[in-house]
Every structure is written in C-alpha cells, then in structure tokens.
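What follows is a set of notes on a single structure, which appears directly below.
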2 protein chains.
Amino acid sequence: MVADMGGGDVGSGDRGMGNSAGGLSIGRVAEATGMSVHALRFFEREGLFLRPIPRTSGGQRVYDQADVDWLLLCNRLRDSGMPIATIRRFADLVRSGPGNETERLALLRDHEQAVRAKIAELTADLAVIQDKVRTYERHLREGTAVGLWAPTPPA
Amino acid sequence: MVADMGGGDVGSGDRGMGNSAGGLSIGRVAEATGMSVHALRFFEREGLFLRPIPRTSGGQRVYDQADVDWLLLCNRLRDSGMPIATIRRFADLVRSGPGNETERLALLRDHEQAVRAKIAELTADLAVIQDKVRTYERHLREGTAVGLWAPTPPA
DNA sequence: TCTTGACCTAGAGTCCAGTCTAGAAAATAG
DNA sequence: CTATTTTCTAGACTGGACTCTAGGTCAAGA
C-alpha cells in the first residue's frame with residue numbers, strides 16, 4: 001500500500017514529484033493501482049480520465065489522489081467485465097458535469113445486473129466442474145471408469 | 001451455376017445425415033451447442049475434439065451426441081474463463097486414454113479454484129458498484145452531491 | 001558533473017478467440 | 001431436373017486491451 005501523503009515536508013516550488021501537494025508520477029500511480037505505465041498512457045489516449053492530466057514544465061504527467069481513486073474504480077469496472085468503451089461513456093458523463101446523474105445511474109445499474117448475471121453463470125459452471133471433479137475423485141478412489149470421457153466414448 | 005459433375009458419382013453407403021445412427025451435421029451441432037459453424041471448424045483445427053470427426057463420402061463432417069456433450073462441457077470451461085490452450089491440454093489427456101486421470105483431476109481442480117476466485121472477485125466488485133449505485137440513488141432522491149465524481153473533484 | 005533510471009511520443013506488434021471471404025462441391029426441397 | 005441451402009478449404013481479417021520499440025528528454029543521486 002503506497003498511499004500515504006500525510007504530513008508534508010514541503011520542499012519549495014513544485015519541481016519534481018516526490019512532493020506534498022499530492023503530485024504523483026506515472027510510476028507511483030502504476031504502483032498504487034497495479035497498472036503498468038503503458039496502460040496508464042493508453043488510458044489517457046483513450047480519454048478515460050476525468051480531466052486532462054497536468055504536466056510538469058518538462059512534460060511529465062502529474063497525477064493526484066483523485067486520479068488514483070478514479071483508476072481504482074475503473075479497475076473494478078474493467079475487472080468485472082465492463083468494456084473500455086463503456087467506461088469511456090461513463091467518464092464522458094462525469095466529465096460533462098452535473099445534470100446527467102440519471103444516465104450515470106442507469107449505466108451503473110446495467111452493469112450491476114451484468115455482474116450479477118455473470119456471477120450466476122459462473123456459479124452454474126462451477127457446479128458442472130465440481131461434478132466432474134467428484135467423478136474423477138470417485139474413479140481414482142474406486143478404480144471405476146464410470147462417467148469418464150474415454151478416448152472412444154461408449155456410444 | 002451448377003457445373004456438370006462428370007461421372008464421379010460413386011455409389012456410397014451413407015447418404016445424408018438425418019439418419020438413425022446419431023449422425024449430426026455441423027449445422028445441427030451448431031444449433032445444439034449455440035456455437036457457430038465457424039467456431040466448430042476452428043475448434044477442430046485447434047485439436048479440441050476427442051477424436052477425428054468422421055466425414056461423409058462427400059467430405060462433410062458427421063458428429064454424434066458424445067461430441068455434442070463434450071462441446072457443452074467445453075463451453076462451460078470456456079465461459080468460466082479457461083483458455084483454449086488449457087482445454088486443449090485437457091482434451092489431449094483424455095485422448096491419450098486411461099492412466100492420466102490424476103493429471104486430469106489436477107487440471108479440473110485448478111480450474112475449480114480459479115472459478116471460485118473469480119466469483120469472489122466479482123462479488124467484491126459488485127459491492128463497490130452497488131455502493132456507487134446507492135450513492136447516486138441517494139443523490140437523486142435528496143439533491144445532494146456528496147460522494148459523486150465532479151468534473152473537477154475537490155482536492 | 002556524470003550517470004543512471006524514470007519518463008516522453010508515435011506507432012507498431014501481440015495475443016486471444018474467433019469471424020469472415022471466396023469459390024466450389026454436396027445435399028435437399030420443389 | 002432445378003433451385004436453394006448447406007458445407008467445404010485455406011487463409012485473411014477483426015476487435016479488445018493492452019504491450020513493446022525506437023529514439024530521444026528529464027530528474028536525481030554520488
């Protein structure tokens with residue numbers, strides 16, 4: 001967990017990024033989110049951030065904690081099967097400010113249903129797999145071959 | 001555009017596939033499994049069947065119910081996240097006959113654990129998403145903006 | 001200062017799991 | 001028999017989500 005940013009011993013101006021104002025380099029954000037720096041730049045190209053990520057005078061990206069929080073939410077959405085295109089639509093809605101909360105809610109509710117459905121499907125798949133596992137266990141215990149796939153299964 | 005077919009019409013035994021011996025055309029198997037005929041040919045190229053699929057004298061594939069059953073299991077494995085390469089390893093084990101049941105069991109157990117882990121992850125993701133949904137619902141009910149992503153989130 | 005190591009861009013490449021195409025032959029319905 | 005539908009092959013193509021490359025620039029420690 002690399003997330004503390006508490007008592008700030010401020011240097012001076014904002015040169016560099018190991019500072020107190022919440023400025024995080026791309027590498028630190030990668031660590032904090034588990035994403036690769038490549039993936040972070042890809043995310044930006046795809047318009048998935050809620051704001052244009054600011055740069056240092058030298059052109060390097062400076063993130064803050066809100067960016068990290070957003071990325072952590074994005075990871076939840078992505079890991080649970082939301083396509084990048086949909087995350088982008090959500091980001092677009094958030095970016096365009098208040099007034100479209102109903103749309104954002106609808107999008108999230110749709111995804112919630114999709115996740116519930118996926119869990120249900122996996123649970124059904126799991127039952128089938130467990131059944132196979134139990135069949136093999138019984139076979140190995142008892143030396144029978146009933147219910148196993150044979151090279152040339154009995155008609 | 002029917003070209004003449006010369007004299008190559010050698011008499012052969014099994015015409016057609018709507019017969020009694022359980023012979024199924026690729027189209028019927030596609031229907032029965034929910035896969036496309038393209039996917040079925042792809043599956044075969046990838047060596048995922050338990051046997052070489054036999055052909056009619058005219059070169060068309062003839063499946064049987066055991067093939068369909070195997071495909072239905074494959075679909076469970078695939079849908080639950082098993083990569084094609086792993087399904088192929090499993091098929092290879094089954095094809096090479098008795099004696100490797102321990103390996104097959106290990107493969108299935110590993111996948112069982114993977115599916116359990118995925119369900120756990122999705123359940124955690126779902127909690128986060130539900131939380132967001134509830135936040136938006138409250139916002140829309142009460143007209144507050146607490147906890148919502150703003151275009152420029154408060155530092 | 002010098003030297004690493006982190007970072008920059010644009011764009012090409014990778015992997016997975018199919019999907020689609022073209023042109024031809026086979027099966028089936030009328 | 002004819003027309004329509006299905007199937008055949010090899011191989012090119014797709015889409016999603018990154019990942020990596022090349023050729024630099026920037027930042028920080030000894």
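Chain identifiers are assigned alphabetically (A, B, ...) following the order of the sequence lines, protein sequences preceding nucleic acid strands; residue numbering begins at 1 within each chain.
For S36(B), the listed nucleotide lying nearest its side chain is dT19(C); candidates were dC18(D), dC8(C), dT19(C). Residue R41(A) places its side chain closer to dC8(C) than to any other of dC8(C), dG11(D), dA17(D).
At whole-Å resolution of the value, CD in E46(B) and C1' in dG11(D) are 14 Å apart. Here dA17(C) presents its P atom at 10 Å from CG of L48(B), a figure rounded to the nearest Å. Separating the OH atom of Y63(A) from the C1' atom of dC8(C) is a distance of 11 Å, rounded to the nearest angstrom. Distance, L40(A) CG to dA17(D) P: 16 Å, rounded to whole Å. Between the CG atom of L71(A) and the P atom of dC18(D) there is a distance of 12 Å, given to the nearest Å. Atom CE in M82(B) sits about 15 Å away from atom P in dC16(C), given to the nearest Å. When the C1' atom of dG18(C) is taken as reference, atom CD1 of I26(B) falls 14 Å away, rounded to whole Å. Atoms CZ (F43(B)) and P (dA17(C)) sit 10 Å apart, rounded to a whole Å.
If P83(A) and G27(B) are placed on DNA chain D by their nearest nucleotide, the residue sitting closer to the 5' end is G27(B). Along DNA chain C, the nucleotide nearest to G58(A) and the one nearest to F42(B) differ in position, and the one closer to the 5' end is contacted by G58(A). If you find the closest nucleotide of DNA chain C to I84(B) and to H38(B), the one lying nearer the 5' end belongs to I84(B).
The existence of a salt bridge linking R89(A) and D92(A) is excluded, since no basic side-chain nitrogen approaches an acidic carboxylate oxygen closer than 4.0 Å. Remark: R51(A) engages D64(A) in a salt bridge, criterion side-chain N to carboxylate O under 4.0 Å. Under the 4.0 Å criterion applied to side-chain N and carboxylate O atoms, R109(A) and E112(A) are not assigned as salt-bridge partners. Looking at E137(B) and R141(B), no side-chain N of the basic residue comes within less than 4.0 Å of a carboxylate O on the acidic one, giving no salt bridge. The pair R55(B)-E44(B) counts as a salt bridge, with a side-chain nitrogen and a carboxylate oxygen less than 4.0 angstrom apart.
Between dA10(C) and R45(A), no contact under 4.0 Å exists linking OP1 or OP2 to a side-chain N or O. Contact check, R55(A) against dT9(C): a side-chain N or O comes under 4.0 Å of OP1 or OP2. Note on R61(B): every side-chain N or O is 4.0 Å or more away from OP1 and OP2 of dT7(D). OP1 and OP2 of dA26(C) both lie 4.0 Å or more from every side-chain N or O belonging to T56(B). For dA6(C), the OP1/OP2 oxygens have no side-chain nitrogen or oxygen of S25(A) closer than 4.0 Å.
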